[in-house]
Amino acid sequence: MAATQEEIVAGLAEIVNEIAGIPTEDVKVDKSFTDDLDVDSLSMVEVVVAAEERFDVKIPDDDVKNLKTVGDATDYILKHQS
Amino acid sequence: MTSKIKPSKGAPYARIMGVGGYRPTRVVPNEEILKHIDSSDEWIRSRSGIATRHWAGPEETVATMSVEASGKAIADAGITPEQIGAVIVSTVSHFKQTPAVATEIAHRIGAGKPAAFDISAGCAGFGYGLTLAKGLVTEGSAEYVLVIGVERLSDLTDLEDRATAFLFGDGAGAVIVGPAKQPAIGPTVWGSEGDKSETIKQTLGWDVYRTIPLPGGDGPEERPALEEIRFPAITQEGQAVFRWAVFEMAKVAQQALDAAGVSPDDLDVFIPHQANMRIIDSMVKTLKLPESVTVARDVETTGNTSAASIPLAMERLLATGQAKSGDTALVIGFGAGLVYAATVVTLP
């Protein structure tokens with residue numbers, strides 16, 4: 001069953017917490033992964049791979065660079081999850 | 001009808017008998033890299049784990065570094081150079097396509113007339129060479145094989161590219177592969193993914209220089225002048241490489257363990273290609289290696305030396321006592337091609 005927007009944000013928060021050690025409550029839709037959450041380009045790849053597994057979605061390398069904020073990633077997953 | 005051809009006769013198994021390394025004398029700290037790029041020591045360390053690397057001087061050529069490393073490997077193996085039946089050199093930074101640098105190295109170490117050739121398999125080159133060597137020893141074409149991984153990647157580094165200027169280092173690593181009574185080099189899991197050939201590459205082919213008009217000669221208008229051509233460098237798509245290296249290569253590493261019948265708990269040492277500390281850390285996490293496994297982290301002071309990185313790291317682990325002779329080690333190389341090779345070995 002497809003995840004809702006809330007579930008995706010909560011899931012991303014857990015992933016970002018696991019990978020970058022950022023408190024889950026700081027992970028909000030308007031936050032930038034790089035500027036606000038200290039997720040660098042390599043950690044972003046780990047976040048993406050974890051999100052792919054969790055939400056059963058494929059996020060190709062070419063699309064990763066467009067996912068600037070938690071909201072971008074949430075929208076992408078909402079649109080592409082199977 | 002029976003064949004008229006006698007079969008060749010090799011050893012039942014092969015093993016790594018000795019290892020040697022050579023690191024150029026000049027140590028280059030991040031501060032020196034920062035003269036050419038807008039970055040910081042902290043940024044470089046956090047993205048790569050690299051603090052220093054060795055860069056070769058004019059006298060430290062691909063051949064001379066290889067001769068030094070080979071001498072140590074031969075002594076470590078307890079054989080003489082004359083016993084070597086084949087010399088395999090993996091490099092991407094020897095700037096003459098022909099003759100192979102392997103022949104010069106074979107001659108300079110006093111090996112007589114062994115088979116000698118170069119291979120090109122990027123950062124997987126050591127594993128490719130090791131696999132060939134194992135085949136030669138068990139098939140009978142050579143009793144002892146010298147396998148060398150050697151690079152002068154400083155020559156292929158774009159000092160003004162902030163994504164790669166700090167990554168690469170120079171050096172040579174060598175092993176002697178010889179006969180064994182029991183398995184000491186497991187099945188190799190290897191392959192290539194040519195659809196990703198653009199992911200890590202040399203920016204220009206050497207033939208770009210052919211477009212330069214000869215002095216006084218006529219040439220097409222579009223020919224670039226020599227000063228317009230930047231010397232070729234290695235470039236990569238960082239995120240794509242990271243994803244492939246961590247997640248796809250962890251699967252290959254697991255396959256190599258399975259093929260050798262070795263569980264992570266039986267493993268003593270993990271020696272991945274020293275590409276980047278972040279890749280190494282994430283691979284260890286993805287593979288769920290137990291804490292008892294010693295992990296090579298030579299990249300911190302050696303940088304990424306491509307084909308040389310695994311034997312260099314192996315030598316250092318043994319020399320510092322972090323690993324010991326007889327330990328079971330998983331080695332995996334991966335890089336431009338994309339190509340990869342993983343196997344489980346008994347350390348010499």
Side-chain angles (χ1 to χ4, degrees), chain A residues 3 8 11-24 26-27 31-82, chain B residues 37-50 161-167 193 195-201 235-254 272-288 299 304 334 338:
Chain A
I8 294 169
L12 286 172
E14 283 178 24
I15 291 168
V16 170
N17 172 261
E18 158 90 21
I19 289 165
I22 306 295
T24 49
D26 291 356
V27 182
K31 297 288 184 187
S32 154
F33 286 106
T34 316
D35 300 333
D36 302 321
L37 301 175
D38 204 25
V39 174
D40 71 19
S41 65
L42 300 184
S43 294
M44 189 62 198
V45 175
E46 294 182 282
V47 169
V48 161
V49 172
E52 284 186 336
E53 281 181 15
R54 184 160 182 149
F55 301 112
D56 192 21
V57 61
K58 282 269 163 253
I59 311 176
D61 292 317
D62 285 345
D63 291 341
V64 174
K65 59 178 177 296
N66 300 324
L67 308 181
K68 306 280 187 213
T69 65
V70 176
D72 294 340
T74 305
D75 291 346
Y76 189 95
I77 293 164
L78 266 178
K79 197 170 155 194
H80 292 87
Q81 64 186 344
S82 47
Chain B
I37 54 170
D38 178 21
S39 188
S40 70
D41 179 51
E42 193 275 330
W43 192 93
I44 293 172
R45 286 177 192 249
S46 73
R47 265 37 169 222
S48 70
I50 299 169
D161 176 9
R162 67 188 303 274
T164 59
F166 56 88
L167 266 185
E193 298 182 36
D195 60 321
K196 301 185 180 72
S197 61
E198 294 290 304
T199 316
I200 309 171
K201 63 179 181 182
T235 179
Q236 64 177 8
E237 295 166 23
Q239 284 186 319
V241 171
F242 184 81
R243 187 198 285 223
W244 179 77
V246 172
F247 299 100
E248 297 307 312
M249 291 304 100
K251 292 176 198 161
V252 170
Q254 186 60 53
H273 163 52
Q274 301 291 295
N276 177 321
M277 198 72 87
R278 295 281 293 275
I279 290 176
I280 295 169
D281 288 339
S282 293
M283 275 184 106
V284 168
K285 202 165 76 178
T286 307
L287 274 169
K288 299 185 172 67
V299 67
N304 177 343
F334 45 87
L338 297 173

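Keep in mind the model is a prediction, meaning the values are calculated, not measured.
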May I have a table of the donor-acceptor pairs connecting chain B and chain A at distances under 3.5 Å?
| residue | atom | partner | partner atom | Å |
| --- | --- | --- | --- | --- |
| R47(B) | NE | D40(A) | OD2 | 3.4 |
| Q239(B) | NE2 | S41(A) | O | 3.0 |
| R243(B) | NE | D61(A) | OD1 | 3.2 |
| R243(B) | NH1 | E52(A) | OE1 | 3.4 |
| R243(B) | NH1 | E52(A) | OE2 | 3.0 |
| R243(B) | NH1 | I59(A) | O | 3.4 |
| R243(B) | NH2 | I59(A) | O | 2.5 |
| R278(B) | NH1 | D40(A) | OD2 | 2.8 |
| R278(B) | NH2 | D40(A) | OD1 | 2.9 |
| R278(B) | NH2 | D40(A) | OD2 | 3.3 |
| R278(B) | NH2 | S43(A) | OG | 2.9 |
| S282(B) | OG | E46(A) | OE2 | 2.8 |

Exercise for the section: List the atom of L42(A), the atom of F242(B), and the distance in Å for their closest heavy-atom pair. Expected result: O-CE2, 3.3 Å
Handout entry: With sequence neighbours excluded, residues passing side chain to side chain contact (heavy atoms under 4.5 Å, CB included) with A245(B)
Key = I279(B), F334(B)
